[in-house]
**Student:** 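To start, I am sharing the structure in question, which I have written as structure tokens.
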Amino acid sequence: MQHTFASKEGPLEVTLSKNAEAFVLEGHELRQHNRGRLHLTLRDGRTCLAHTAKVGDVWWVHLNGRTYKWERVEPGSTGAEDEGGLVAPMPGKVLEVLVSEGDTVEAGAPLMVLEAMKMEHRIVASSDGTVTNIHFNAGDQVAQGATLLDLE
Amino acid sequence: MQHTFASKEGPLEVTLSKNAEAFVLEGHELRQHNRGRLHLTLRDGRTCLAHTAKVGDVWWVHLNGRTYKWERVEPGSTGAEDEGGLVAPMPGKVLEVLVSEGDTVEAGAPLMVLEAMKMEHRIVASSDGTVTNIHFNAGDQVAQGATLLDLE
Amino acid sequence: MANRGEIACRILRACREAGHPSVAICASNDAGSMFTEMADQVVLLNGETIAETYLDQQQIIQAAKDTGATAIHPGFGFLSERAEFANAVQSAGLTWIGPSALAIEKMGDKMTARQTMRAAGVPVIPGEEVEEVDETKALDALREASTRVGYPLLLKASSGGGGKGMRAVHAPADFDQAAAGARREAVAAFGDGRIYIERLLSGSKHIEIQVLADQHGRTIHLGERECSVQRRHQKVFEEAPGPTMNPELREAMGQAAVAAAEAVNYVGAGTVEFLLAPTGEFFFLEMNTRIQVEHPVTELVTGVDIVREQLRIAVGEPMSCGDLMLRGHAIEVRLYAEDAANGFLPSIGPLAVFRPPEGPGIRLDTGVREGDDVTPNYDPMLAKLIVWAPSRHEALQKMRRALDEFVVLGTTTNIEFLRDLCDATPVVNGSTTTTTIDELWPNGWNPPSAPLLEEAALLAAASAETLGLHRRQTNGVAASTNDGPVSPFTTVQRRFP
Amino acid sequence: MANRGEIACRILRACREAGHPSVAICASNDAGSMFTEMADQVVLLNGETIAETYLDQQQIIQAAKDTGATAIHPGFGFLSERAEFANAVQSAGLTWIGPSALAIEKMGDKMTARQTMRAAGVPVIPGEEVEEVDETKALDALREASTRVGYPLLLKASSGGGGKGMRAVHAPADFDQAAAGARREAVAAFGDGRIYIERLLSGSKHIEIQVLADQHGRTIHLGERECSVQRRHQKVFEEAPGPTMNPELREAMGQAAVAAAEAVNYVGAGTVEFLLAPTGEFFFLEMNTRIQVEHPVTELVTGVDIVREQLRIAVGEPMSCGDLMLRGHAIEVRLYAEDAANGFLPSIGPLAVFRPPEGPGIRLDTGVREGDDVTPNYDPMLAKLIVWAPSRHEALQKMRRALDEFVVLGTTTNIEFLRDLCDATPVVNGSTTTTTIDELWPNGWNPPSAPLLEEAALLAAASAETLGLHRRQTNGVAASTNDGPVSPFTTVQRRFP
């Protein structure tokens with residue numbers, strides 16, 4: 001049983017083995033109990049409960065106070081491409097555009113101020129670059145995921 | 001939308017009507033909200049939440065502190081037949097048989113003592129009659145639903 | 001943790017908070033149970049029956065040794081009041097979280113306890129014990145003793161507890177059958193058929209005093225609980241403080257309880273039970289040498305975490321609580337899987353929906369959650385619902401709301417019975433006695449009629465069927481499609497002795 | 001109930017317990033929300049925006065009249081501190097559950113409040129207000145005032161609250177941008193761009209005193225809460241009593257708070273906020289003329305049900321609480337839908353799994369439950385988790401367990417940040433100040449590494465995929481198959497001013 005998950009460090013290849021009723025990975029064991037409850041026995045002998053949920057392609061996992069998530073990559077699909085632009089983290093309104101097309105900016109420079117969830121959010125350059133396109137003006141409503149501006 | 005439910009008083013025929021998004025019965029209205037939450041507006045204007053679950057053919061309903069259940073009768077099926085015998089309410093052990101075959105008993109007469117869930121349960125005649133068959137002896141394990149004895 | 005269910009959950013949580021790694025034991029039919037998820041390690045016990053698992057002393061001690069555990073908490077029930085187990089645990093070099101074997105023995109044997117108490121100056125109820133083992137001789141001796149004690153009387157298993165092996169007898173004609181039944185239950189439950197007879201004090205209140213004693217010579221009481229509302233000697237509704245209690249009586253009973261504990265050099269948490277007669281006299285009933293089901297009401301009014309104190313005391317620390325400081329009012333009800341409208345017959349089934357009430361002042365000590373099955377393998381007590389509020393009046397209001405909002409579908413419970421109880425005059429007045437339930441519902445309980453709600457419920461059932469809610473999640477949870485027995489109790493009427 | 005979310009749930013439950021029938025109002029995007037299920041009646045509001053719904057005074061008063069409601073509880077936020085709404089409610093012949101419009105006005109305007117407090121002998125922080133409306137003139141006046149007040153300083157909206165329209169400025173170079181931002185936020189949030197400048201007292205504790213006043217002339221305080229742990233002036237971690245408080249200081253601050261309340265003839269529940277400087281001096285910050293988010297910690301240590309007292313006071317009954325009786329320690333943390341590891345950016349998504357911790361001493365005040373969606377329509381605060389234990393040490397232990405067991409999947413929350421906070425030295429020591437979070441994580445917070453758990457979590461994800469748990473219920477709940485955005489924040493780095 002092999003699965004590929006996407007992570008910040010690149011694709012993670014996971015190969016499960018089975019030991020009687022248990023799934024095994026790196027010495028950790030997992031057993032399913034009634035109605036999908038997953039009981040883990042860690043390599044160090046401790047037991048804990050895992051909660052899981054899949055939302056879209058992403059598996060969310062909680063155990064011992066920690067929450068992790070990984071996108072599952074369908075076998076055969078190519079990895080997700082990095083987008084070049086800066087996208088709106090949530091629906092909101094553009095309050096201010098702090099740069100103009102053609103500006104050269106340093107990583108960390110403020111580019112745009114967005115209002116969402118009754119708070120102001122400052123969109124900051126993630127790297128040095130040049131602003132090539134600005135897709136919205138002050139006062140515009142933006143949908144979640146909309147590309148706000150392009151940085152090259 | 002017509003449904004038939006079994007009740008102690010006989011079959012209940014329920015005919016729902018619809019008023020826009022709401023189901024209506026006898027002036028009560030029901031609307032479904034996110035993920036199956038059922039909000040009721042009673043005839044007297046009060047609102048309340050209903051929880052439902054179907055176990056086997058039986059619908060369980062909770063609202064305002066009360067729990068009800070009705071068996072849904074599939075269209076075309078005949079009503080459940082009354083069983084003639086006295087059945088074990090749960091798995092257990094027969095401790096004592098208090099009657100013999102052929103005995104005439106009155107309603108309320110003790111017939112058998114069962115041990116289950118660490119307590120003694122007395123099986124009592126539900127009506128006057130004659131014991132025609134006794135299917136278990138003291139010490140026997142009985143499965144849930146097993147007919148213990150027949151009363152005619 | 002040598003126990004299961006809600007008390008195991010309660011104690012394992014306390015261990016986690018205190019930073020003590022914990023080990024649960026479980027029988028195979030408990031694998032995946034809620035309490036196993038709260039331990040740092042789980043040991044699966046061999047064996048099928050309770051005797052082969054949760055009562056198997058050697059297997060449990062071995063599990064402790066194998067996992068490197070250093071102490072055993074017995075909870076309540078099972079091995080909690082077995083002196084020989086306390087001894088075996090200590091002989092194995094483990095810490096026993098409870099009183100000494102000697103204290104358990106002296107209090108566990110009801111007759112010895114009565115004698116010890118009499119010597120310590122604590123008043124006891126007049127009564128007699130019969131030690132005979134032979135069935136016929138024992139019954140003869142009991143019948144003879146009954147004439148000296150007088151009717152109405154109470155038969156109790158010497159090793160008993162929890163109402164098992166106990167029978168009230170109101171007239172000589174009922175004596176023989178009751179005595180035989182009590183002995184049989186006592187043998188089955190405790191392996192000990194000794195029975196003693198006590199005068200039945202009608203109209204009395206059941207008042208019990210929580211005590212704590214550490215290994216530094218300090219023994220204190222944490223005030224009283226009233227647990228008068230009982231059905232067949234099973235407590236149903238428990239509260240603190242007692243609604244008719246006054247500070248003088250509390251102090252007198254508290255001092256008697258402390259004297260009782262000190263008389264057996266008690267260490268740890270324990271409860272001294274009294275009957276409080278309408279005259280204001282009180283009599284020692286018994287001492288429970290363990291944590292009790294109803295300990296939460298005391299925790300809520302005193303602010304003492306009794307289980308944490310048990311853990312401290314066991315390792316030799318002084319208890320951390322200061323002077324008694326009572327505040328507000330707490331009520332506990334016991335949630336049973338039982339059909340209150342059908343003679344309180346235990347019920348089983350899936351917990352297709354299990355949604356406890358929420359909000360300020362509500363505590364739930366549960367051993368089950370949604371999706372679990374209620375089986376006949378163990379006690380039908382599923383959970384305890386406890387509320388706290390500044391006054392008794394407000395606590396009852398809170399309990400009513402809590403019970404109204406407690407949703408359990410798929411298994412019949414006593415929730416509606418408990419809710420109805422909250423409206424009963426003696427409960428509202430605080431004038432409950434040990435016979436209140438029998439007096440309120442001499443012919444059994446039935447839910448009050450509510451035709452409007454019943455109509456609306458039918459609308460909900462029909463709508464749910466139309467919407468096909470059983471084919472997908474309802475209220476965020478998938479309705480169970482378990483095809484098991486639903487209401488196995490519809491074809492037969494049943495009454496209890 | 002002129003509010004929504006968790007505070008509406010809290011108050012509607014109190015109404016039900018008190019036997020008061022209740023009416024909820026809700027915007028169409030709140031239909032089916034948790035709080036609507038706790039009312040006896042629900043009125044759907046017309047309109048799309050917050051201004052058209054929860055802030056539409058006439059529509060809300062009309063809903064009260066239409067349903068025969070006799071009183072309005074405003075909760076916190078929304079219309080709770082609008083004097084003209086209090087007036088309008090009373091003019092409509094309804095009872096306003098809160099202080100008089102005059103008291104709200106005097107305290108709501110920060111500058112008037114400072115003057116009133118000075119007159120009542122309550123110490124205030126040195127500072128100045130700027131009343132200018134014109135943008136350019138206002139900014140000039142503010143810049144001028146800043147030189148008199150001195151750096152570091154704090155810009156605050158005169159009508160503000162909840163950290164909106166507030167900015168800390170450490171050097172003159174940052175002043176202009178900060179002032180413009182504060183004014184803009186103040187206009188947007190409160191329709192009032194007035195700003196005042198206050199000296200920023202570094203290293204101070206935020207200590208607030210809960211007061212209650214009835215219509216019979218009794219005004220009392222319920223001790224303090226410490227809410228020093230703040231992020232961008234949003235409280236995150238609140239506790240009672242204050243870990244460094246002593247009885248003398250409590251009495252002095254309590255008396256100052258009572259004097260503040262009496263100075264405006266205060267009626268109902270309110271909170272007087274102070275800054276407690278390292279010198280032991282305290283300064284009036286502001287009075288919140290409403291119930292507060294963090295009221296539960298006071299309820300748990302005093303045993304007073306503040307919301308029930310609000311209901312009593314509003315109908316003219318005397319408050320029911322006796323002398324102040326503090327017991328144990330309570331801590332509250334605020335659960336936000338936000339990505340703490342990514343600059344605390346608000347997050348949205350489905351609450352595919354939402355399992356709060358359980359057990360003794362844990363209280364959850366929530367406005368959401370499993371299956372709900374977190375949307376950008378309202379405040380990202382989902383719930384408050386509150387614990388009580390006999391000591392501060394044990395309360396922190398309990399909070400750690402509670403946070404470890406709190407499972408939220410499908411939406412990113414600040415649970416792990418809160419959990420990490422419980423281990424931070426100033427929190428453990430009780431030496432927190434209003435700058436603690438910035439000092440602990442000057443470059444933002446990241447979860448501590450736990451490779452063993454991460455491996456095990458990967459095993460769980462891979463096993464769940466293999467078992468097909470997403471195609472059926474998991475843990476009793478159907479995994480959401482919502483295909484919406486999962487982590488919209490991965491492609492862009494973000495920092496905050």
Side-chain angles (χ1 to χ4, degrees), chain C residues 9-10 12-14 16-19 37-38 296 299-300 302-305 307-309 320-322 325 327-328 351-366 369-372 386-391 394 396-402 404-405 472-473 475-478 480, chain D residues 9-10 12-14 16-19 37-38 296 299-305 307-309 320-322 325 327-328 351-366 369-372 386-391 394 397-402 404-405 472-473 475-478 480:
Chain C
C9 292
R10 166 75 183 93
L12 290 167
R13 284 182 166 130
R16 183 150 291 179
E17 288 169 13
E37 296 172 354
M38 303 200 174
E299 295 189 324
L300 291 176
T302 63
V304 174
D305 184 334
V307 173
R308 282 295 293 268
E309 297 298 345
S320 79
C321 40
M325 191 177 181
R327 193 170 71 189
L351 295 172
V353 175
F354 185 84
R355 301 286 166 90
E358 294 171 345
I362 293 179
R363 167 174 168 179
L364 185 82
D365 282 21
T366 179
R369 20 48 171 175
E370 197 161 278
D372 285 353
I386 313 110
V387 300
W388 180 93
S391 66
E394 289 161 292
L396 260 180
Q397 290 181 320
K398 201 176 279 286
M399 184 57 90
R400 289 192 191 104
R401 171 177 79 76
D404 278 340
E405 294 180 7
R472 58 186 195 81
Q473 69 242 19
N475 311 325
V477 67
S480 168
Chain D
C9 293
R10 165 74 183 93
L12 290 167
R13 281 180 168 132
R16 182 150 292 177
E17 288 170 12
E37 295 172 355
M38 304 199 173
E299 294 189 326
L300 292 175
V301 295
T302 62
V304 174
D305 184 335
V307 174
R308 282 296 292 270
E309 297 297 346
S320 79
C321 39
M325 190 177 182
R327 194 170 71 188
L351 295 172
V353 175
F354 185 84
R355 300 287 165 89
E358 294 169 347
I362 292 178
R363 167 174 166 178
L364 184 82
D365 282 21
T366 178
R369 14 60 169 168
E370 195 161 280
D372 285 353
I386 313 112
V387 300
W388 180 94
S391 66
E394 289 161 293
Q397 290 181 322
K398 200 175 279 287
M399 183 57 91
R400 290 192 190 102
R401 171 178 77 76
D404 278 341
E405 294 181 7
R472 57 186 195 83
Q473 69 243 17
N475 311 325
V477 68
S480 168

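FYI, side chains are in, hydrogens and waters are out, and symmetry mates aren't considered; it's all heavy atoms of this structure. Each chain gets a letter, A, B and so on, in the order its sequence line appears, and its residues count up from 1.
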**Student:** Between D:Arg369, D:Met399, D:Glu358, which residue shows the highest count of heavy-atom pairs closer than 4.5 Å to chain C?
**Tutor:**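 Max contact count across the listed options: D:Glu358.
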**Student:** Between D:Ala18 and chain C, with a heavy-atom cut-off of 4.5 Å, which part of the residue counts as in contact: side chain, backbone, both or neither?
**Tutor:**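 Backbone only.
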**Student:** So which atom in D:Pro390 and which in C:Gly303 form the shortest heavy-atom distance, rounded to 0.1 Å?
**Tutor:**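 Closest approach of D:Pro390 to C:Gly303: CG-O, 3.4 Å.
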**Student:** Of the backbone (N, CA, C, O) and the side chain (C-beta and beyond), which part of D:Val387 lies under 4.5 Å from a heavy atom of chain C, both, or neither?
**Tutor:**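 Neither part.
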**Student:** The criterion is side-chain contact (heavy atoms from CB on, under 4.5 Å); which residues satisfy it with D:Pro360, sequence neighbours excluded?
**Tutor:**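 With sequence neighbours excluded, D:Pro360 shows a side-chain contact (heavy atoms from CB on, under 4.5 Å) to C:Arg10, C:Arg363, C:Asp365, given in chain and number order.
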**Student:** Between C:Arg327, C:Met38, C:Gln397, which shows the greatest number of heavy-atom pairs under 4.5 Å with chain D?
**Tutor:**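 Heavy-atom pairs under 4.5 Å are most numerous for C:Arg327.
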**Student:** Could you look at C:Leu300 and say if it's the side chain, the backbone, both or neither that has a heavy atom under 4.5 Å from chain D?
**Tutor:**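 It is the backbone, since no side chain atom gets that close.
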**Student:** Most heavy-atom pairs under 4.5 angstrom with chain C, which of D:Glu405, D:Glu299, D:Arg16, D:Lys398?
**Tutor:**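 Counting heavy-atom pairs under 4.5 Å, the top option is D:Lys398.
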**Student:** What residue, out of D:Glu17, D:Met325, D:Arg308, has the most heavy-atom pairs lying under 4.5 Å from chain C?
**Tutor:** D:Glu17
**Student:** Just to verify, what does C:Arg400 make a salt bridge (Lys or Arg N to Asp or Glu O under 4.0 Å) with, not counting sequence neighbours?
**Tutor:** C:Asp423
